[in-house]
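All remarks here apply to the structure that follows.
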Amino acid sequence: MLTKLAGIAKVARERPQEKFTSLAHIINEEMLAISHNEMDGKKAAGIDALTKQMYGENLEQNLKDLVQRMKRNAYRPQPARRVYIPKPGTSKQRPLGIPAYEDKLIQAVLAKILTAIYEQEFLDSSFGFRPNRSCHDAIKVLNAIIMKRPINYIVDVDIKGFFGAPG
């Protein structure tokens, strides 16, 4: 799997105009098994009520069946289980969608493939949702810039509520 992802990343880096038209063949039992092993077993179950442990009890057969359904175009993501969690500092609640276990597996594999393709497109100063980068890394870079360079102004933008309902 890592060799395939490295190959995709190399093509994306060396030929930036390349169009990746078919990557479905990369999603196989091996790649799904690796993603299964990387999953956090403490995460909440989706609408299917399946946990990592339950899915892993018959892992080989479950992955074989999943790959076959994907090849036949018979795989359909399940609806996310909707739960509401409290918003800190307020009495309001925030909606949270929890995907079914197989959907989490496929999402993880797709994220790896998309990361292999697009990671080299990002500037070194981009931090959001990137491998081996965190908000703490962004704060360290920002702090170094503010403390060592002349700064005339800082703009802070909060998109709170931009994507949700008004109020």
Side-chain angles (χ1 to χ4, degrees), residues 1-21 23-24 26-27 30-47 50-53 55-56 77-167:
M1 175 190 88
L2 295 177
T3 306
K4 290 178 184 179
L5 292 176
I8 291 169
K10 183 179 182 202
V11 169
R13 187 175 40 259
E14 292 175 358
R15 301 192 313 247
Q17 301 304 316
E18 186 75 24
K19 301 242 185 293
F20 294 91
T21 56
L23 295 169
I26 294 172
I27 303 174
E30 176 193 5
M31 196 171 211
L32 290 164
I34 290 169
S35 289
H36 169 77
N37 291 330
E38 293 172 348
M39 287 286 175
D40 182 351
K42 297 175 187 167
K43 297 287 184 180
I47 200 165
L50 271 177
T51 63
K52 175 183 178 177
Q53 181 181 356
Y55 196 82
Q78 296 186 50
R81 182 169 67 95
R82 177 68 74 188
V83 296
Y84 292 87
I85 60 173
K87 285 176 111 175
T90 177
S91 61
K92 294 182 180 179
Q93 292 193 320
R94 173 171 83 82
L96 185 66
I98 302 171
Y101 190 75
E102 284 187 334
D103 298 340
K104 289 179 193 179
L105 280 178
I106 292 171
Q107 289 169 9
V109 170
L110 290 173
K112 288 176 185 175
I113 293 169
L114 292 173
T115 297
I117 294 170
Y118 292 109
E119 181 60 26
Q120 46 280 331
E121 298 289 326
F122 290 105
L123 299 174
D124 208 33
S125 58
S126 298
F127 289 88
F129 300 101
R130 291 184 60 204
N132 304 314
R133 292 173 182 250
S134 70
C135 58
H136 297 288
D137 296 323
I139 291 169
K140 287 177 192 173
V141 169
L142 182 62
N143 185 50
I145 291 169
I146 292 170
M147 300 305 286
K148 295 179 183 171
R149 297 184 190 166
I151 301 294
N152 293 326
Y153 54 88
I154 297 175
V155 177
D156 179 24
V157 178
D158 188 352
I159 62 170
K160 179 185 173 201
F162 181 78
F163 297 104

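Treat the numbers as computed from the prediction; the structure is a model and nothing was measured. Values below: every heavy atom of this structure, side chains too, minus hydrogens, waters and symmetry copies.
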(request) Would you indicate whether Tyr118, at its atom OH, is surrounded by more than 12 heavy atoms from other residues, nucleotides or ligands within a distance under 6.0 Å? (result) no

(message) Does Glu121, at its CD atom, have more than 12 non-hydrogen atoms belonging to other residues, nucleotides or ligands within less than 6.0 Å?
(response) yes

Supply the atom-to-atom distance [X] [atom1] to [Y] [atom2], rounded to the nearest 0.5 angstrom.
{"X": "Arg149", "Y": "Asn152", "atom1": "CZ", "atom2": "CG", "result": "13.5 Å"}
{"X": "Ile47", "Y": "Ile98", "atom1": "CD1", "atom2": "CD1", "result": "11.0 Å"}
{"X": "Ile34", "Y": "Leu105", "atom1": "CD1", "atom2": "CG", "result": "12.0 Å"}
{"X": "Lys10", "Y": "Leu5", "atom1": "NZ", "atom2": "CG", "result": "15.0 Å"}
{"X": "Tyr101", "Y": "Gln78", "atom1": "OH", "atom2": "CD", "result": "14.0 Å"}
{"X": "Gln107", "Y": "Leu114", "atom1": "CD", "atom2": "CG", "result": "11.5 Å"}

(request) For the pair Lys52 (side chain) and Lys42 (backbone), establish whether a donor and an acceptor sit closer than 3.5 Å, ignoring hydrogens and angles. (result)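 No: the side chain of Lys52 does not pair with the backbone of Lys42.
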
(message) Any side-chain to backbone donor/acceptor pair from Arg133 onto Ser126? Under 3.5 Å, distance only.
(response) yes

Please give me the minimum heavy-atom distance between [X] and [Y], naming the atom from each residue.
{"X": "Ile8", "Y": "Phe20", "answer": "O-CZ, 3.8 Å"}
{"X": "Ala116", "Y": "Gln120", "answer": "O-NE2, 3.0 Å"}
{"X": "Arg81", "Y": "Ala44", "answer": "NH2-CB, 3.7 Å"}

(message) As a test of understanding, state which of Gln93, Lys92, Arg94 forms a side chain to side chain contact (heavy atoms under 4.5 Å, CB included) with Tyr84.
(response)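 With Tyr84 as partner, Gln93, Lys92, Arg94 yield a single side chain to side chain contact (heavy atoms under 4.5 Å, CB included), made by Gln93.
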
Below 4.5 Å, heavy atoms only, C-beta onward: do [X] and [Y] meet side chain to side chain?
{"X": "Val109", "Y": "Ile26", "result": "no"}
{"X": "Met39", "Y": "Tyr55", "result": "no"}
{"X": "Leu110", "Y": "Leu23", "result": "no"}
{"X": "Lys104", "Y": "Lys43", "result": "yes"}

Could you tabulate the donor-acceptor pairs under 3.5 Å formed by side-chain atoms of residues 137-145, not counting sequence neighbours?
residue : atom : partner : partner atom : Å
Asp137  : OD2  : Ser134  : N            : 2.9
Asp137  : OD2  : Ser134  : OG           : 3.4

(request) Report the C-alpha separation of Asp124 and Arg130 in whole Å, then their side-chain angles, then the decisive distance to 0.1 Å, and conclude whether the salt bridge (charged side-chain N to carboxylate O under 4.0 Å, His left out) test is met. (result) CA-CA 11 Å; Asp124 208 33; Arg130 291 184 60 204; 5.4 Å; no

(message) Salt bridge or not between Glu38 and Lys112? Use side-chain N to carboxylate O under 4.0 Å.
(response)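 A salt bridge is present here (some side-chain N lies under 4.0 Å from a carboxylate O).
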
